[in-house]
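Below is one structure, written out as structure tokens, with a few remarks after it.
Chain identifiers are assigned alphabetically (A, B, ...) following the order of the sequence lines, protein sequences preceding nucleic acid strands; residue numbering begins at 1 within each chain.
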Amino acid sequence: MFPEIVDTRPLRRAVDDGLNWVVRHWGDGFEAAARPLLILLNAIEGLLVATPWWLIIAILVGGAWLATRNWRLPAIVLVAMLFLGIMSLWRDAMTTMALMISATLTAIVLAIPVGVWMSRSLKVRQIFTPVLDLMQTLPSFVYLIPTVMIFGPGKIPALIATIVYAAPPLVRLTDLGLRSVDPAVMEASRAFGTSARQRLFGVQIPLALPTILAGINQTTMMALAMVVIASMIGAGGLGYQVLQGIGRLEVSRGLFAGLGIVVLAIVFDRITQAFGKQLQSRIGLQEAR
Amino acid sequence: MSDMTPNPDLAIRMSGVTKIFGPDPQGALALLRSGRSKSEVQSETNHVVGLDDVSLDIARGQIFVVMGLSGSGKSTLIRHVNRLIDPTAGEIVVEGTDVLKMSLPELRGFRRNTVAMVFQKFGLLPHRSVIDNVAYGLEVKGVPKAERLEKAAGWIETVGLAGYEQSRPRQLSGGQQQRVGLARALALDTDIILMDEAFSALDPLIRSGMQDQLIELQKSLGKTILFITHDFDEALKIADRIAVLKDGAVQQVGKPQDIVLKPANEHIEEFVREVNKARAIQVRTIMERGEFDPCDQSVPDTARCEDVLPLFAENQWVGVVNDSGRQIGRITAKQVIKALARYSASTMN
Ligand SMILES: Nc1ncnc2c1ncn2[C@@H]1O[C@H](COP(=O)(O)OP(=O)(O)O)[C@@H](O)[C@H]1O
Ligand SMILES: [Mg+2]
């Protein structure tokens, strides 16, 4: 056994007491601060539930067609969505979709500015890289417990945990995309007397857009990967069905809800990827490199 | 070339410009000043000497060519003029203004209004159409959309790309892309245009056409063009004056034929040996001056031997006329051949 060199019990106690203190004194403040997230999530969920099923299918199939101009992906999307309906998973799928969409939207709002900031300063990048590594590798239960303590079980901690887990790839890919814009193009832009802002919005972001879109794709996928864990703290949706299946040893329930998650993942993955490819060929990055 | 009086005819003046790449340029500069060579500085300190005490006076309204082998510092030099690179030491005055004293907003204004640039790798914006690329500089300047598109369309036509306005750069050939780059620079209507190996990526035939077009454009627009090339023949064809660069230092500055006929050192002689001398020697310098009967054929006094040679097939004498069209002398095939033979022999041994 490793010898006890110092007594770490005071340290542990300090951490626990500190958290308890934060929950007691700042809990309400945190909850108020997270309110907009809840409003966003509820609004999206309300909208998805209120929208007739055929309209949602039509929108997704239409999106797939616009992204590929080909019948294959729309057909896959149609079958996938019909599967959700036929297996009576539609309502749960909408709840899960709402969680995924609101996590992705929030991640976009937070991650892209951070990525831009990282791309412009080596120091900022050195600070954020380990933080991002931590966010991705720390088992989610570790930060789930304090978030549940602060916000109470429910949708907010589920959403926050999902964002923490899903945002890092978008930050990284935004940073990478902006930094790998052809230096010759950047120099030409500089030579024409552009300001840093004009270069960012007129050159860097448009040329990095395919990479940023790949980041958004990753974020949606990671958000879906979190739904089972998120449902443990009250997110509901397909993840909750999986949990119930496990709890009641109802293999079929768990299996079909699990397949439902896979189906959603396939639909969103393929559509966002196809849009990314389309964008890339429109910009013609291959020639610019 | 006095250092004190600002010369109003100068478009660009660089004096004592030195650029050292590396973390401690001042330390390496001290070494360089103490008489070490570029390679000694590099091996001792790991700093690269980009430019070594470069002084150039570039008069308004001419094509000034900087020539040198790859790695000689040409790109570094031209990027000092619009301060894409800051020098380690020295002074750069463009159109009477000290570039190094400019604040950031002043520098942006200077790049928008005084110097435009054309790049070897084109540097076109791949996500924009040709016309939006050409209008880019105007857009940056805040010119209203209708006006800038109209101007851009005009320049696209001038460079011979009418019909390609809505194409994307990647749909064009290299030569066409470089025409877009040229039109983009011309559209800004600056007095000075910087061209860094602008034609080096092009096929020989297209390249020759672009050179002719550049000479035409310069004549009709009267711009000052600082042109970088590693190709001596190209320099001879388009230059009013040439500076030869080696290891970041200027070896010789002069008119094309001065460089060819009186190379300052062995390095330049090496270039000259390969060169087409008929292109370098101006007929003016070898003609018979005086009043003669008007000849059937004549050439301007800026013509090179290259230009008169074909005329000897039909004529014994070719007249030489000045700007106002008056014949100031004549030239025979014999004189041309003699001159070519003399200069070839003198650089052979
Ligand atoms: N950013 C840089 N950092 C370090 N060295 C550089 C940099 N830019 C240019 N150099 C060096 O400076 C010298 C001149 O380069 P350059 O001006 O590009 O030459 P040219 O355009 O004549 O081929 C070369 O030795 C090159 O390696
Ligand atoms: Mg170069």
Check each atom of L188(B) against the heavy atoms of chain A and say whether the ones under 4.5 Å are side chain, backbone, both or neither.
side chain

Around N46(B), counting heavy atoms of other residues, nucleotides and ligands shown, do more than 12 lie under 6.0 Å from its CG?
no

Could you have a look at S195(A), G202(A), A184(A) and say which one has the most heavy-atom pairs with chain B under 4.5 angstrom?
S195(A)

Donor-acceptor check, side chain of R170(B) to backbone of S281(A), threshold 3.5 angstrom: yes or no?
yes

Check this for me: F83(A), atom CZ, are more than 12 non-hydrogen atoms of other residues, nucleotides or ligands nearer than 6.0 Å?
yes

Would you say that M117(B) contacts E187(A) through its side chain, given a criterion of any heavy-atom pair below 4.5 Å between the two side chains?
no

Return yes when atom CG of L205(B) has more than 12 non-hydrogen atoms of other residues, nucleotides or ligands closer than 6.0 Å, and no otherwise.
no

Is it true that, when you exclude K121(B) itself, more than 12 heavy atoms of the residues, nucleotides or ligands shown sit nearer than 6.0 Å to its NZ?
no

Rounded to the nearest 0.5 Å, how far apart are OG of S189(A) and CZ of R111(B)?
10.0 Å

With a 4.5 angstrom heavy-atom cut-off, which part of R79(B) approaches chain A: side chain, backbone, both or neither?
side chain

Looking at R120(A), I'd like to know if its CZ atom is crowded, meaning that more than 12 non-hydrogen atoms belonging to other residues, nucleotides or ligands lie closer than 6.0 Å.
yes

Any Y136(B) side-chain heavy atom under 4.5 Å of V203(A) side chain:
yes

Measure distances from R112(B) to the heavy atoms of chain A and classify the residue's part below 4.5 Å as side chain, backbone, both or neither.
both

Identify the two heavy atoms, one from R184(B) and one from A188(A), that lie closest to each other, and give their separation to 0.1 Å.
NH2-CB, 3.7 Å

Between the CG atom in L207(A) and the NE2 atom in H127(B), the distance rounded to the nearest 0.5 Å is 5.0 Å

Look at atom NZ of K277(A) and say whether more than 12 heavy atoms of other residues, nucleotides or ligands are closer to it than 6.0 Å.
no

Check this for me: Q171(B), atom CD, are more than 12 non-hydrogen atoms of other residues, nucleotides or ligands nearer than 6.0 Å?
yes

Heavy atoms of other groups near E106(B) CD, more than 12 under 6.0 Å:
yes

Do you know which two heavy atoms are closest between A191(A) and N82(B), and how far apart they sit?
CB-ND2, 3.9 Å

Is the shortest side-chain heavy-atom distance between V140(B) and Q198(A) below 4.5 Å?
yes

